[in-house]
2 protein chains.
Amino acid sequence: MGNVTKFLVENKIKPSYQRMSILEYLIKYKTHPTVDEIHQKLVVEIPTLSKTTVYNTLKLFVEKGIVLLINIEDNETRYDADTSAHGHFKCVKCNKIYDFSFNNADIVVDELKQYIIQQTHLYIKGICLICL
Amino acid sequence: MGNVTKFLVENKIKPSYQRMSILEYLIKYKTHPTVDEIHQKLVVEIPTLSKTTVYNTLKLFVEKGIVLLINIEDNETRYDADTSAHGHFKCVKCNKIYDFSFNNADIVVDELKQYIIQQTHLYIKGICLICL
DNA sequence: GTATCTGCAAAACATTTGCAATTCT
DNA sequence: AGAATTGCAAATGTTTTGCAGATAC
């Protein structure tokens, strides 16, 4: 049983060929792809793969907490299989999205002290070193 | 010349009745409204107001830097006339969006030290005090 | 009188939904 | 066989675009 299969089962997701392929893609290519990008790449190997299945699968992954949804763009949602605490930097020139590490613990907001905090998203936009 | 008119002129935006109304609305009601919400409220006073104009105007305001675009929701864009450094907290129960203050200076990311940083968005989701 | 702004209608996208066919056990 | 998954086609909802008429200076 492959790593991905095991990981899905551990997270109470029934493995299917499509689900395993999509998760493998997200783990292998950490480019924070959109639904369209994932579909375009995988449809080469799985010609019958539909966008609906990509949508369904990603929705399931997000619900089960094994994938994060990234809203750094105005128009489309991106996905990230790295669920550890980290931020996202988007270069407005090359449009690449970089991960950077930060500690949620570093962000202490007194005003929210008594609120229940479930998710923290830190998005920074600017120009990356390569494009400078 | 009203405050809003002056403010628009200072930011090189030609004042029009529609533009002034939309800006006034954003300044008065700090609810981070969507295009639809703004349109629905203002069309009562300005029956000819079109959504296209709301879209055009907000796009212009964002370009000129007098309004911030908020992407805390998956499906629609929200707008904020408060351009000072602050974060947004979304209560997943009542769906209200709260502002909270934080210092951009508090978020120092070594990995991005040499990058040019243009915008920082901090979105926190959870449950607010009222809904607890 | 010429630029710009507005607003309708249509188009363009991303995403969701209904449902029938397929797959898996 | 029975339950879940897949995928097509259509619907939905947000945002953009093209263009004609209105407005402003």
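Naming convention: chains lettered A, B, ... in sequence-line order (proteins, then strands); numbering from 1 in each chain.
No hydrogens or angles were tested; on distance alone, nothing pairs the side chain of S50(B) with the base of dC8(C) as donor and acceptor under 3.5 Å.
The shortest distance between the side-chain N/O atoms of T52(A) and the OP1/OP2 oxygens of dT6(D) is not below 4.0 Å. The shortest distance between the side-chain N/O atoms of Q18(A) and the OP1/OP2 oxygens of dG7(D) is below 4.0 Å. At dT16(C), none of the side-chain N or O atoms of Y55(A) fall inside 4.0 Å of OP1 or OP2 (strictly under the cut-off). Within the structure, every side-chain polar atom (N or O) of S16(B) is placed at least 4.0 Å from both OP1 and OP2 of dT23(D).
With a cut-off of 3.5 Å on both Watson-Crick or G-U wobble distances, the partner of dT23(D) is given as none. Applying the Watson-Crick and G-U wobble criteria (two distances, each under 3.5 Å), dA3(C) pairs with nothing in any strand.
Using a 4.5 Å heavy-atom threshold, the side chains of V43(B) and K51(B) count as separate. In this structure, the side chains of E73(A) and I97(A) come closer than 4.5 Å at one or more pairs of heavy atoms.
The residue among D74(B) and N56(B) whose nearest nucleotide of DNA chain C lies closer to the 5′ end is N56(B). Toward the 5' end of DNA chain D, the nearer of the two residues P15(B) and T77(B), judged by each one's closest nucleotide, is T77(B). Each of T34(B) and K14(B) was matched to the nucleotide of DNA chain D holding its nearest heavy atom; the match closer to the 5' end belongs to T34(B). The residue among R19(B) and K51(A) whose nearest nucleotide of DNA chain C is located toward the 5' end is R19(B).
If you take CG of L58(B) and P of dT14(D), they are 15 Å apart, rounded to a whole angstrom. We find that CG of L60(A) is positioned 13 Å from C1' of dT6(D), with the value rounded to whole Å.
In terms of modelled atom types and a separation under 3.5 Å, the side chain of Y55(A) and the main chain of V35(A) share no donor-acceptor contact. Distance alone, capped at 3.5 Å, is enough to place a donor-acceptor pair between the R78(A) side chain and the H32(A) backbone.
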